[in-house]
There are 4 protein chains.
Amino acid sequence: MGRKGKESRKRLFEAAANEFAIRGFHDTKVSTIVKRAGLTQPSFYLYFSSKDAIFEELIADFHTHLRELITSFRLENGVKRKDVSKRVLAAVETVFQFLAANPDLTRIGFFLNPEAKQMKRDVTLALKENLEAEQRLGYFRSELEMETVAECLIGMIIHLTDLYLLPGIKDPANLSAEVVDLLIHGMLPNQSIPGQASETE
Amino acid sequence: MGRKGKESRKRLFEAAANEFAIRGFHDTKVSTIVKRAGLTQPSFYLYFSSKDAIFEELIADFHTHLRELITSFRLENGVKRKDVSKRVLAAVETVFQFLAANPDLTRIGFFLNPEAKQMKRDVTLALKENLEAEQRLGYFRSELEMETVAECLIGMIIHLTDLYLLPGIKDPANLSAEVVDLLIHGMLPNQSIPGQASETE
Amino acid sequence: MGRKGKESRKRLFEAAANEFAIRGFHDTKVSTIVKRAGLTQPSFYLYFSSKDAIFEELIADFHTHLRELITSFRLENGVKRKDVSKRVLAAVETVFQFLAANPDLTRIGFFLNPEAKQMKRDVTLALKENLEAEQRLGYFRSELEMETVAECLIGMIIHLTDLYLLPGIKDPANLSAEVVDLLIHGMLPNQSIPGQASETE
Amino acid sequence: MGRKGKESRKRLFEAAANEFAIRGFHDTKVSTIVKRAGLTQPSFYLYFSSKDAIFEELIADFHTHLRELITSFRLENGVKRKDVSKRVLAAVETVFQFLAANPDLTRIGFFLNPEAKQMKRDVTLALKENLEAEQRLGYFRSELEMETVAECLIGMIIHLTDLYLLPGIKDPANLSAEVVDLLIHGMLPNQSIPGQASETE
DNA sequence: CATGAATGAGTTTTCATTCAT
DNA sequence: CATGAATGAAAACTCATTCAT
């Protein structure tokens with residue numbers, strides 16, 4: 001496949017991503033995708049074997065990138081106690097940034113994908129490992145089941161993404177700050193102040 | 001509409017709920033619904049004006065019940081500080097119970113409904129008011145933006161419902177305990193222990 | 001399926017038979033079939049699950065009837081020597097009559113059916129058994145491999161059907177007389193005259 | 001057209017022959033043909049003006065060769081009575097050999113060609129003339145309509161080719177022996193024995 | 001001599017919905 | 001209250017064929 005072909009393929013891919021994101025799988029017509037890519041229907045089948053196939057490729061794309069991102073958070077050694085919040089914050093913000101940078105894929109991967117559950121689990125497990133490592137260092141309460149915590153975090157991220165991030169109402173910095181503050185310190189007052197103090201190594 | 005008519009309508013309604021929950025809107029066929037209800041296609045249109053109409057009715061049904069539930073949590077006066085956690089816990093558990101009791105509607109209302117956002121906002125706002133009332137009593141950290149907190153809680157609930165509740169992996173009691181513990185006390189260690197102590201008025 | 005439905009189905013069946021016979025499988029359009037039956041496309045799928053399905057049903061129909069016919073030739077006991085020719089003649093003529101009476105099915109079953117070979121074998125084997133029975137009575141030369149004879153007969157019938165019968169150039173009586181005369185007596189002259197004499201019991 | 005061009009053309013021709021033979025006209029795709037020939041679609045149109053054109057060329061090829069063969073059987077003068085069977089046998093065997101040597105073309109020419117009828121007639125007429133010449137010499141029964149005999153012979157050959165020759169179940173020698181024996185002597189017993197004796201001049 | 005890229009024209013099939021009874 | 005029969009409208013996909021290089 002030469003340069004021109006690659007470009008056509010990409011145009012189709014992007015038009016499809018946007019259409020699927022806006023309209024969902026069934027209400028997206030191949031005819032619309034090709035029109036937006038400046039091509040005719042048969043050309044679509046030159047690059048993708050079916051409407052299902054391009055949809056799955058979009059999902060796989062999202063999945064791959066997101067996993068890469070999560071995996072890249074693996075702990076470096078020697079994180080100091082006082083840095084833990086910062087590190088979690090940085091991670092969550094990075095995720096929000098990634099999602100904001102790929103709104104179409106995000107919508108497809110999170111909200112339109114019937115197999116999203118499996119993908120989310122996948123991401124969750126990667127996250128969980130990071131959290132457990134920090135928990136073993138005593139930075140997090142030992143009673144917490146980190147898998148559930150990871151699920152809760154993912155749940156919040158997904159929901160806030162849907163509500164605030166993708167519509168452009170809030171940005172990654174705000175969202176991550178709020179989520180992480182809540183998650184780290186909880187809702188109760190006062191006693192978290194000495195807690196914050198004790199974060200200092 | 002006589003008794004027999006009402007029964008037919010109900011059979012259609014329930015068959016539709018289940019089909020939609022399993023297969024989604026587009027992959028659910030009117031022909032399947034009527035088959036499951038032991039009727040023929042024209043009968044369907046005796047009771048519902050269209051496929052869209054029955055779907056919306058299902059959503060409205062879910063929405064109504066869920067709102068009722070949330071609204072019923074309105075604070076009675078004079079909640080004691082030490083009861084706050086318990087009250088939140090009770091509320092969350094009740095929600096999980098409701099969702100578990102209506103799995104088809106839940107799936108439709110939460111995961112298949114393109115207009116779910118509005119509905120979730122609605123529920124969120126009701127929740128937010130409750131939380132703000134308690135926050136004004138000083139039971140929750142004053143810096144917290146209660147709307148976001150409510151959204152986070154909803155996000156967790158939705159996600160855990162999808163992953164654990166509807167598949168029957170965890171039950172309302174477990175899920176609500178985990179969620180509320182995390183939300184109330186956060187992830188950090190130690191300082192939450194005096195915190196819990198100080199909950200006692 | 002009520003009366004009206006049955007009639008529609010039959011109209012479709014017959015229109016299809018004729019179209020397939022004239023145009024072959026690929027050049028027959030469902031749209032043409034339904035037009036000829038005075039219906040619209042979706043109605044076709046009310047009665048047949050696909051274009052392939054109706055084609056196969058036509059073949060099966062032909063096959064079934066033809067087999068029945070062949071099987072009905074099973075020898076009654078006590079055929080006299082002098083009747084053998086007559087019986088073969090009658091059988092062949094009946095076959096030609098059947099084919100002439102069902103020209104569309106014949107064309108489909110014999111000339112358009114990719115699985116025709118199997119069907120022909122089937123018919124051949126039924127025929128072979130009849131011939132072998134007569135051979136055991138000494139009415140046919142014992143050196144002859146009756147399966148091949150049956151195949152030859154079938155080959156002639158098929159070919160003559162294509163060339164003379166279906167186009168209406170010759171009729172069953174003529175064709176069967178010619179075929180059977182040739183098959184029974186062969187091409188060589190004279191010596192068949194005492195033979196014919198010896199047929200008399 | 002240089003050497004390379006000729007080779008490409010030939011590869012296309014042969015790939016097409018095989019595909020058509022296996023799959024029939026409609027289910028053979030130009031894209032498959034070119035793939036098998038190691039070329040791309042536009043190249044196909046360098047050598048053949050259309051899919052129809054190459055198909056017709058294949059048929060013409062078969063036709064030409066077959067006619068040549070049949071024509072070569074023209075009677076030399078002075079065939080002796082006792083040689084007649086042998087000559088017919090030789091002719092039929094030669095035909096079977098030709099068909100066996102060109103299985104793809106045979107399948108196309110005999111079984112896939114909608115215009116095969118005309119071609120078969122053609123061959124039949126050539127055959128008929130030979131037979132009539134021998135009939136006039138008194139070697140065959142004078143009552144026989146030689147055109148029909150020729151058609152019968154062709155019918156048998158075609159059918160046996162389909163069933164036994166192309167699948168490799170029987171070979172030209174066997175097949176021709178069986179066919180000719182049946183055709184010459186018929187099915188009846190006894191009287192053919194003096195007949196065979198009387199063949200000796 | 002050959003190809004990468006593209007397309008015109010078509011066809012089967014599906015499904016929500018309605019008519020007539 | 002219910003059904004047998006029918007349809008309008010569309011959508012995915014295929015394939016022979018050609019343009020531009």
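Worth saying up front: this structure is predicted, and the values here are computed from it rather than measured. Throughout, a chain's letter reflects where its sequence line sits, starting with A, and its residues are numbered from 1.
- Between D:His65 and D:Phe98, the ring-plane angle classifies as perpendicular under the 30° and 60° cut-offs.
- Checking F:dC13 for Watson-Crick or G-U wobble geometry (two distances, each under 3.5 Å) identifies E:dG10 as its partner.
- Listed pair B:Lys29 / E:dC15 meets the phosphate criterion, a side-chain N or O lying under 4.0 Å from OP1 or OP2.
- The side chain of B:Pro42 lies closest to F:dT3, out of E:dA2, F:dT3, E:dA5.
- By the 6.0 Å contact criterion, NZ on A:Lys35 is open, its count of non-hydrogen atoms from other residues, nucleotides or ligands being 12 or less.
- Within a 6.0 Å sphere centred on NZ of A:Lys6, heavy atoms belonging to other residues, nucleotides or ligands number 12 at most.
- For E:dT7, the OP1/OP2 oxygens have a side-chain nitrogen or oxygen of A:Ser43 closer than 4.0 Å.
- An OP1 or OP2 oxygen of E:dA2 is reached within less than 4.0 angstrom by a side-chain nitrogen or oxygen of D:Tyr47.
- For the side chain to side chain contact (heavy atoms under 4.5 Å, CB included) criterion with A:Glu7, the lone passing option out of A:Arg9, A:Arg3, A:Lys10 is A:Arg3.
- Both C:Ser8 and A:Ser31 sit near DNA chain F, but only C:Ser8 has its closest nucleotide nearer the 5' end.
- Using a 4.0 Å cut-off, no side-chain N or O of B:Thr40 falls inside it from OP1 or OP2 of F:dG4.
- The side chain of D:Gln41 approaches F:dT17 more closely than any other nucleotide in the set E:dA6, E:dA16, F:dT17.
- The phosphate of F:dG4 (OP1 or OP2) has no side-chain N or O of C:Lys4 nearer than 4.0 angstrom.
- OP1 and OP2 of E:dC15 both lie 4.0 Å or more from every side-chain N or O belonging to C:Tyr45.
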